[in-house]
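All values below were derived from every heavy atom in this structure, side-chain atoms included, with hydrogens, water molecules and symmetry-related copies excluded. One-based numbering, in listed order, for ligands and for the atoms of each.
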Amino acid sequence: MDKFLIRGGVPLRGKVEISGAKNSALPCLAATLLTAETVTLHNVPYVKDLITQRRLLEDLGATVLTPELRTHKVNAANVDIFEAPYELVKTMRASVLALGPLLARFGRAKVSLPGGCAIGTRPIDLHLKAFEQLGAHVSLESGDVVATAPQGRLKGAVIDFEKVTVTGTENVMMAASLAEGRTVVKNAAREPEIEDLADLLNKMGARIRGAGTSELEIDGVEALNGAEHTIIADRIETGTFIVAAAITDGELEIRGCRPDHLVAVINKLSEAGVEIEEINPTTLRVRRSRTGLRAVNVTTEPHPDFPTDMQAQFMALMTQAAGESEIVETIFENRFMHASELIRMGADIAISGHTAVVHGPTKLMGAKILASDLRASASLVLVALCAEGETLIDRVYHIDRGYETIVRKLSSLGADITRITGSSAEAEAA
Ligand code: EPZ
């Protein structure tokens with residue numbers, strides 16, 4: 001298992017290019033199953049989860065060509081397998097995104113019921129209930145979800161999600177695109193990744209209105225065509241680098257980002273004493289303000305409010321902010337795993353249920369620590385960059401799932417970071 005060795009104390013300076021959004025590329029790749037024609041996706045991030053998603057498509061019988069590292073040309077004309085096996089799903093829950101497309105195009109799908117993960121039980125009951133409302137028959141058979149469309153084609157329905165679910169909304173959007181008649185989705189997720197998927201589906205000939213709002217209208221069509229699409233920038237990687245500039249007291253120019261996708265994060269970090277200047281619509285200049293970092297409170301909520309995927313990174317920053325910060329996690333039941341590692345480095349954090357209270361600033365000392373999930377590992381890297389001495393982070397395969405060439409990007413900004421590898425899980429892409 002790879003480890004990162006980081007020597008803290010170096011203010012990061014320079015320019016960093018943001019990669020494509022993992023959480024948009026995953027549903028967009030799944031959407032290629034909806035047509036027999038070729039779909040070309042640009043700006044697909046070179047991260048572990050997308051390598052897994054590509055393998056899933058190939059296991060189903062699709063062909064995936066990558067004329068360039070971050071361009072995927074997918075053709076699913078010859079898909080003749082309609083199931084995602086446990087071995088794959090257990091490594092990546094987002095495999096459930098194959099359910100909607102397979103059910104919609106082939107009238108059948110079998111996907112291993114994803115287990116929980118470090119941050120929570122992560123059920124998909126809302127996905128399955130929505131498929132049943134679209135006319136599918138859904139059963140659980142020895143750990144697999146087995147879904148069929150008895151009439152061969154799904155039928156539009158009114159889906160009112162009792163909870164906002166990102167991949168649930170995406171699965172329904174894809175399934176309803178080929179259903180007979182109109183589907184209305186209420187309490188839909190509003191994340192930018194939902195809009196990006198809708199953009200791709202509409203380029204393929206789908207008829208989706210309202211993406212980005214909490215109500216979608218989808219008029220099903222007989223078939224979808226090929227298309228070409230560029231994946232949006234990763235807003236969570238962007239937020240992570242904003243924190244990296246602030247926590248190391250450096251100055252970064254963050255390029256190829258979409259500030260309009262992380263307004264709540266930018267507002268909250270500005271309140272905390274981070275100077276964030278928009279140079280142009282895709283470039284930010286970031287540094288700590290003269291007055292230093294101030295503790296502020298945050299509660300995670302569905303988009304457009306503060307994203308749960310930035311909670312761990314924000315907690316890392318609050319360890320260096322003056323005062324008391326209350327962080328409330330409302331989306332997942334166990335998303336404070338990073339706190340115990342930050343405490344081992346000297347942070348003053350008290351956890352009570354869904355609330356963490358951080359007192360700062362505290363001087364952090366390097367230590368041997370353990371990554372537990374994708375965003376937690378990002379927060380460990382952030383504190384290691386500002387801690388005194390050496391930090392050795394184990395199980396960094398978590399970070400390789402969602403951050404493209406993170407060692408190369410941080411090293412280019414002056415960070416003293418090396419990957420101690422068995423076999424490098426991260427391709428230091430050209
Ligand atoms: C997506 O996960 C993201 N993953 C997550 O990012 C992100 O943290 C999450 O949305 C919330 O923004 C991808 O897009 C691939 P949800 P998802 O369904 O869709 C409950 C990362 O770090 N729920 O919006 O699985 C669920 O337990 C990952 O990149 C049900 O109860 O999240 C959770 O409490 C981590 N039943 C809440 O809803 C369901 O059927 C939100 O989950 C579905 C969800």
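Atom 38 (O) of ligand 1 has Lys163 CD, 3.8 Å as its closest protein atom, hydrogens excluded (heavy atom only). Summary of contacts: the protein heavy atom closest to atom 18 (O) of ligand 1 is Thr165 OG1, 2.7 Å. Atom 40 (O) of ligand 1 has its closest protein heavy atom at Leu126 N, 2.7 Å. In terms of protein heavy atoms, atom 17 (P) of ligand 1 is closest to Thr167 OG1, 3.6 Å. From the protein, the heavy atom lying nearest to atom 9 (C) of ligand 1 is Phe332 CZ, 3.9 Å. Looking at atom 5 (C) of ligand 1, its nearest protein heavy atom turns out to be Asp309 OD2, 3.8 Å.
A distance-only check finds no donor-acceptor pair linking the side chain of Glu193 to the backbone of Ala21 [under 3.5 Å]. Formation of a donor-acceptor pair under 3.5 Å by the Arg207 side chain with backbone atoms of Val221 is not found in this model. Without hydrogens or angle criteria, Thr213 side chain to Glu215 main chain gives a donor-acceptor distance under 3.5 Å. At distances below 3.5 Å, not a single donor-acceptor pair connects side-chain atoms of Glu217 with backbone N or O atoms of Arg209. Panel note: side chain Asp196, backbone Ile231; no donor-acceptor pair is recorded below 3.5 Å. Proximity of a side-chain donor or acceptor of Arg93 to a complementary backbone N or O of Arg122 within less than 3.5 Å is detected. In this structure a side-chain-to-backbone donor-acceptor pair under 3.5 Å is present from Thr330 to Thr300. The backbone N or O of Val158 sits nowhere less than 3.5 Å from a side-chain atom of Lys186 that would complete a donor-acceptor pair. Of the possible polar contacts, one joining the Glu37 side chain to the Gly226 backbone as a donor-acceptor pair under 3.5 Å is found. In this structure, Asn75 contributes its side chain and Thr63 its backbone to no donor-acceptor pair below 3.5 Å.
When non-hydrogen atoms are compared, ligand 1 lies under 4.0 Å from the backbone of His127 as well as from its side chain. With a heavy-atom cut-off of 4.0 Å, Val166 touches ligand 1 through backbone and side chain alike. Residue-level proximity to ligand 1 for Ile236 is absent, since no heavy atom of it falls below 4.0 angstrom. At a heavy-atom distance under 4.0 Å, only side-chain atoms of Arg335, from C-beta outward, approach ligand 1. If you look at Leu374 next to ligand 1, the close heavy atoms, those under 4.0 Å, all belong to the side chain.
Relative to atom 33 (C) of ligand 1, the option among Ile331, Ile119, Asn23 with the closest non-hydrogen atom is Ile331. Closest to atom 23 (N) of ligand 1 by heavy atom, among Gly402, Ala378, Pro123, is Pro123.
Contact atoms of ligand 1 toward Thr308: 8 (O), 11 (C), 12 (O) (distance under 4.0 Å to a heavy atom of the residue). Interface atoms of ligand 1 facing Arg375, defined by a heavy-atom separation under 4.0 Å, are 21 (C), 22 (O), 29 (O). Ligand 1 places these atoms under 4.0 Å from at least one heavy atom of Lys22: 21 (C), 29 (O). In summary, the atoms of ligand 1 found under 4.0 Å from a heavy atom of Arg122, numbered by their order in the structure, are 2 (O), 17 (P), 25 (O), 27 (O).
More than 12 heavy atoms of other residues, nucleotides or ligands sit less than 6.0 Å from atom NZ of Lys155.
At least one N/O-N/O distance between Asp125 and ligand 1 falls below 3.5 Å.
Ring orientation note: the planes of Phe306 and Phe314 are nearly perpendicular, at an angle over 60° on the 30°/60° scale.
Ligand 1 is approached by Val164 to a heavy-atom distance shorter than 4.0 Å.
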